[in-house]
Amino acid sequence: MSHTAHAAQATPTTHTRTRTPAGAGAAAQPLQFHPPRSSPVARHAVAQRVWTVAEVQALLELPFSELMYQAQTVHRAHFDPNQVELATLLSVKTGGCPEDCGYCPQSVHFDTGVEAGKLMAVDQVREAAERAKTAGATRFCMGAAWRAPKDRDVAAVAELVRAVKDTGLEACCTLGMLDEGHAELLREAGLDYYNHNLDTAPDFYGEIISTRDFQDRLDTLVRVRNAGISVCCGGIVGMGESRLQRAGLIAELANLAPYPESVPINHLVKVAGTPLAEQPDLDPLEFVRTIAVARITMPTARVRLSAGRQSMGDAVQALCFVAGANSIFYGEKLLTTPNPDVDADMALLQRLGMKPARAVG
Ligand code: SAM
Ligand code: DTB
Ligand code: SF4
C-alpha cells in the first residue's frame, strides 16, 4: 500500500510516494498535528492521520448505511449537522483560458460558446458581493479563467478582494497557478481563502489535462498556505475515473498537511463542446459516498457540495448533507453554467430543517 503526505513547508514539496507496511491499520498510521489554522475561523489543533489509498477505498466500499453512520458521527463531532454555509460565485474574468482541462467550458481549446471577457470592474464586483450578502451568503468566491495571473492581474484582483472585504463577506478567489509573491499580495488585500483544486487522482490527471501537471497544483497550494491564506481545495467526480481513483483523489486531499479548510466536491457538469460532454452518468450514490469519505477523512473541513447540483435532484442533495456536506454554492450561476435558484435552495433547506450558517466576525 502506498500513502501520500504533503507538508506545507517553506519550499514547494515534490510529489513523491512513500511506502507503509502492507496491512497497516489505523492504529499503525503515523499521526500529524494541525498547527493552529490561519483561517478567520480559528480551529483547535486536531490530530491528523495519514490515509492510504487502500484505506480510503475501503471506506468507499462500506455498506451504504454503515458509511452514512460513520460520516454522520464524524460530522456531528465537529459541526452543527443542520447548518450549511452559503458561498456565492462570480466569474470575474471569463473564458479564453489557454489550459486544456477536459471538463472546462472556458478553455480556448474547445468550442463551447463561452465568450472571452476582460476582468470585471471593482464597482460591478462590489455590487455583486452586496447582492450576495443581502441574499444570505457569507462567502464570496471570484473565479478567473487564467492559467496563471500576471503581476498586474494580481494587483487588480487585490482591489476586488478589498471591495469584497468592505462588504463584510469572506473573500475567496481562484485565479490559477500563483507565482512567488502573488499569494502574499492577495493576503495583504485581505483574502481569506484561495481555491485551487487537485481535481482528480494523480494517475488520472494526464487523461484530463495536458497543459500542466499535478505537481504544479501542489506547488501553488504550498505558496497559498505559506502566505497564511486558508486553502480551499477539492476535485471533480464523474469524469470517468475509477472508484480507486476517487480514493486516490481523496487520499491526496486528506494527506495535505494540514488538509484544506474547505473541500469543494464538484460533480462534473457536462458541457457541450468539451471532451467530457458525452461522459456516461455516474451512479448518484457513488457521488454521495465520495462526500461521506471526504467528511470522514477531513473531519473539520467545510465539505462543499459544489458544481452539479442543478441536475442532482433534492433527494441526492439531502443524502449529501447526511453524508456530511455543509456548504453549497448559492446563487443562480456557478461560473458559466447554471446553479439552482436561491428560492429553490431556501425551500430545500427549509424542508430539511437546515439553516444557513451565520457570518463569522
Ligand atoms: N482557472 C482556475 C483553475 O483552474 O484553477 C480557476 C477557475 S476553474 C473554472 C475552477 C474549478 O472549477 C476547476 O478546478 C474545476 O474543479 C471546476 N470546474 C470547471 N469546470 C467544471 C465542470 N464542467 N464541472 C465541474 N467542475 C468544474
Ligand atoms: C470549485 O471547486 N467549483 C467552482 C469554484 N470552485 C470556482 C467552479 C465550478 C465551475 C462549474 C462550471 C462553470 O460554471 O463554468
Ligand atoms: Fe482554465 Fe481553470 Fe478552465 Fe482549466 S479549469 S481551462 S485552468 S479556467
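Remember, it's 1-based here, ligands and their atoms both numbered in the order they're listed.
- Ranked by closest heavy atom to atom 18 (N) of ligand 1, the top entry among Tyr194, Tyr103, Trp146 is Tyr103.
- Between Ala144 and ligand 1 there is a heavy-atom distance shorter than 4.0 Å.
- Of the heavy atoms in Asn266, only side-chain atoms (C-beta onward) come closer than 4.0 Å to ligand 1.
- Taking all heavy atoms of Val263, Thr336, Leu335 into account, the minimum distance to atom 8 (C) of ligand 2 is reached by Leu335.
- Using a 4.0 Å cut-off between heavy atoms, Val271 makes no contact with ligand 2 at all.
- Looking only at heavy atoms of the protein, atom 2 (C) of ligand 1 is closest to Gly176 N, 3.6 Å.
- Residue contacts with ligand 3: Arg212 is included, with a non-hydrogen atom under 4.0 Å away.
- Within the 4.0 Å heavy-atom criterion, the part of Asn197 lying near ligand 2 is the side chain and not the backbone.
- In this structure, the protein non-hydrogen atom closest to atom 4 (O) of ligand 1 is Arg217 NH2, 3.8 Å.
- Looking only at protein heavy atoms, the nearest one to atom 4 (C) of ligand 2 is Phe329 CE1, 3.6 Å.
- The proximity of His196 to ligand 3, defined as any non-hydrogen pair under 4.0 Å, does not occur for either the backbone or the side chain.
- For Pro105, every heavy-atom contact with ligand 2 shorter than 4.0 Å involves the side chain, none the backbone.
- The nearest N, O or S atom of Cys104 is not closer to atom 4 (Fe) of ligand 3 than 2.8 Å.
- When hydrogens are left out, the protein atom nearest atom 1 (Fe) of ligand 3 is Cys97 SG, 2.3 Å; that is the closest non-hydrogen contact.
- Within the 4.0 Å heavy-atom criterion, the part of Leu335 lying near ligand 1 is the side chain and not the backbone.
- The closest heavy-atom contact to atom 26 (N) of ligand 1, among the options Val271, Ile236, Asn197, Asp199, comes from Ile236.
- In terms of N/O distances under 3.5 Å, ligand 2 is approached by Asn195.
- With a 4.0 Å heavy-atom cut-off, ligand 1 is reached by no atom of Lys270.
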